[in-house]
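What follows is a single structure, written as structure tokens, with notes after it.
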Amino acid sequence: MKPQRPKRRNDRRPQQKPQPPRDNEPRQEEPARRAPPSRRQGRLPDERLPVILEVRPNEDYALLDSGDGLKLEQYGPYRIVRPEGQAIWRPALGPAEWNRADAIFTGDTDEEGMGRWRFPREPLGETWPMRHDGIDYLGRFTSFRHVGVFPEQATHWSHMEELVRGAGRPVKVLNLFGYTGLASLVAARAGAEVTHVDASKKAIGWARENQEIAGLADKPIRWICEDAVKFAEREARRGNSYDIVLFDPPAYGRGPKGEVWQLFEDLPYLAELCRSILSPQPLAVVLTAYSIRASFFAIHALMRDIFAGMGGRIESGELIIREQSAGRALSTSLFSRWVAS
């Protein structure tokens, strides 16, 4: 039998939903909303859409099969079953293939309200070695069903690597919401000077560990644990700039000092900040959004407005993973990126 379908969380990252105060607790004031930026004047960038960026099965990662709200993936030596709400079709492979899984995320089953992993073949450790395009890093079985990498973003990473290598000059990359650092490691390997920002101390620690494992400890990467918006605001005040900016915000999140992030309310402000800290010869700004309430047309229109007068081109669409069993495309997220002429 295949594992029972686990409950699905809409966002790919851990979300902490605010709880209403009890009767004997004072009600906290909601944080003031940031004023939306004024609409910029100037010619809108060229546009290209829809753009579908695709990851196909390879020796490091493969989406083996999907269906019934689940996906069967191969990460290096391990087969893993995780929830996938987009997979509304039936699996193409039979139960025998699914039953060969080494790890299964079983959903909200423990007292803490988070998920747990089941290992039907033999117990596995919390971490295990993985690889992306020659870069070694650690996978980890987390209680939020994630394993430390989002393979659909590999197309963004290879595009960024081409820009860095082709620039013919020193390139500075800012990676906001950088998580476990795969994008930062790819940029550093290509020769960029990288600033990696994430609000989670655990994620920063994991990313530093990945840098050591990858053999890239000598590469110039600054690891900063801070709220992404506050960091970008400070960089703008100081006049610091970057040639490439990546930002991959969650739908909802909190910074290390309780800063609240709401995607639809705060994204326009942060996108404007990202433009303001671009260098005089910028290369690209890449936004990935995993919120299911939007379409790529929404973030495309936002990015095109914000980059008015900059020239270049806005490319928007979806990131997909091509399934190995039946060749179906599993859509994982939306993206929009500005690329210089």
Side-chain angles (χ1 to χ4, degrees), residues 1-16 55 57-87 91-154 179-182 185 198 200-215 321 323-325 330 332:
M1 295 290 293
K2 286 197 306 175
Q4 183 179 1
R5 176 176 176 175
K7 295 180 182 178
R8 167 73 176 174
R9 295 181 184 272
N10 287 337
D11 187 45
R12 71 181 183 88
R13 296 198 178 186
Q15 295 187 23
Q16 302 174 358
V55 168
N58 58 63
E59 61 182 8
D60 298 324
Y61 170 80
L63 175 63
L64 300 177
D65 194 24
S66 59
D68 290 347
L70 299 168
K71 56 186 174 184
L72 176 64
E73 301 169 287
Q74 186 84 37
Y75 285 94
Y78 297 129
R79 285 191 170 200
I80 295 173
V81 174
R82 295 192 293 162
E84 180 49 69
Q86 299 272 14
L93 299 179
E97 291 294 326
W98 284 77
N99 288 340
R100 291 175 55 200
D102 298 286
I104 300 170
F105 186 84
T106 59
D108 296 343
T109 58
D110 66 12
E111 295 178 356
E112 296 178 359
M114 304 307 298
R116 63 172 55 158
W117 291 85
R118 180 167 65 86
F119 306 107
R121 299 163 69 84
E122 61 181 64
L124 300 178
E126 180 190 6
T127 63
W128 77 95
M130 296 206 298
R131 173 171 287 197
H132 166 75
D133 191 29
I135 295 178
D136 294 313
Y137 66 99
L138 280 182
R140 180 172 275 116
F141 294 113
T142 74
S143 60
F144 296 99
R145 83 178 180 275
H146 305 307
V147 295
V149 63
F150 299 97
E152 64 271 16
Q153 295 209 20
Y179 194 40
T180 58
L182 263 294
L185 297 181
D198 198 282
S200 167
K201 288 183 179 179
K202 286 186 177 180
I204 292 290
W206 191 350
R208 284 179 174 273
E209 196 173 5
N210 284 339
Q211 184 183 23
E212 293 289 337
I213 291 171
I321 301 175
E323 182 189 64
Q324 182 171 288
S325 60
L330 178 65
T332 63

Item to complete: Determine, stepwise, if the pair Tyr137 / Thr180 fulfils side-chain contact (heavy atoms from CB on, under 4.5 Å).
Response: CA-CA 9 Å; Tyr137 66 99; Thr180 58; 5.9 Å; no

For a 4.5 angstrom cut-off between non-hydrogen side-chain atoms, does [X] reach [Y]?
X	Y	value
Pro91	Asp68	yes
Ile204	Lys202	no
Pro120	Ile104	yes
Val149	Met130	yes

Worksheet entry | All ring-ring contact (aromatic ring centres under 6.0 Å, His included) counterparts of Phe141, not counting sequence neighbours |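 ring-ring contact (aromatic ring centres under 6.0 Å, His included) list for Phe141, sorted by chain: Trp117, Phe119, Trp128.
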
Give me the atom names and distance for the closest heavy-atom approach of [X] to [Y].
X	Y	result
His132	Ala154	CE1-CB, 3.7 Å
Ala214	Ile135	CB-CG2, 3.7 Å
Ala101	Arg121	O-CD, 3.2 Å
Leu330	Ala87	CD1-N, 4.3 Å
Phe105	Thr142	CE1-O, 3.9 Å

Worksheet item: Under 3.5 Å, side chain of Asp198 to main-chain N/O of Tyr179, donor-acceptor pair present?
Response: yes

Discussion item. Please check this pair: side chain of Thr127 against backbone of Gly139, looking for a donor-acceptor N/O pair closer than 3.5 Å.
Written reply: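 No, Thr127 side chain to Gly139 backbone: no donor-acceptor pair under 3.5 Å.
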
Please tabulate, for side-chain N and O atoms in residues 58-65, each donor-acceptor pair with protein atoms closer than 3.5 Å (sequence neighbours left out).
residue : atom : partner : partner atom : Å
Asn58   : OD1  : Asp60   : N            : 2.8
Asn58   : OD1  : Tyr61   : N            : 2.9
Asn58   : ND2  : Arg56   : O            : 3.4
Asp60   : OD2  : Asp133  : N            : 3.0
Tyr61   : OH   : Glu73   : OE2          : 2.7
Asp65   : OD1  : Ala92   : N            : 3.1
Asp65   : OD1  : Ser325  : OG           : 2.7
Asp65   : OD1  : Arg328  : NH2          : 3.3
Asp65   : OD2  : Ala92   : N            : 3.2
Asp65   : OD2  : Leu93   : N            : 2.8
Asp65   : OD2  : Trp98   : NE1          : 3.0

Practice prompt. Could you walk me through whether Leu138 and Asn210 pass side-chain contact (heavy atoms from CB on, under 4.5 Å), step by step?
Written response: CA-CA 6 Å; Leu138 280 182; Asn210 284 339; 3.7 Å; yes

Worksheet item: Just how far is it from atom CD of Gln86 to atom NZ of Lys71, taken to the nearest 0.5 Å?
Response: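 Result: 10.0 Å between the selected atoms.
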
Worksheet entry | Salt bridge Glu84-Arg145, side-chain N to carboxylate O under 4.0 Å |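 Answer for the salt bridge query: no.
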
Worksheet item: Below 4.0 angstrom, N of the basic side chain to O of the carboxylate: do Arg79 and Glu97 qualify?
Response: yes

Practice prompt. Mind running side-chain contact (heavy atoms from CB on, under 4.5 Å) on Leu185 and Gln211 for me, showing each step along the way?
Written response: CA-CA 7 Å; Leu185 297 181; Gln211 184 183 23; 3.9 Å; yes

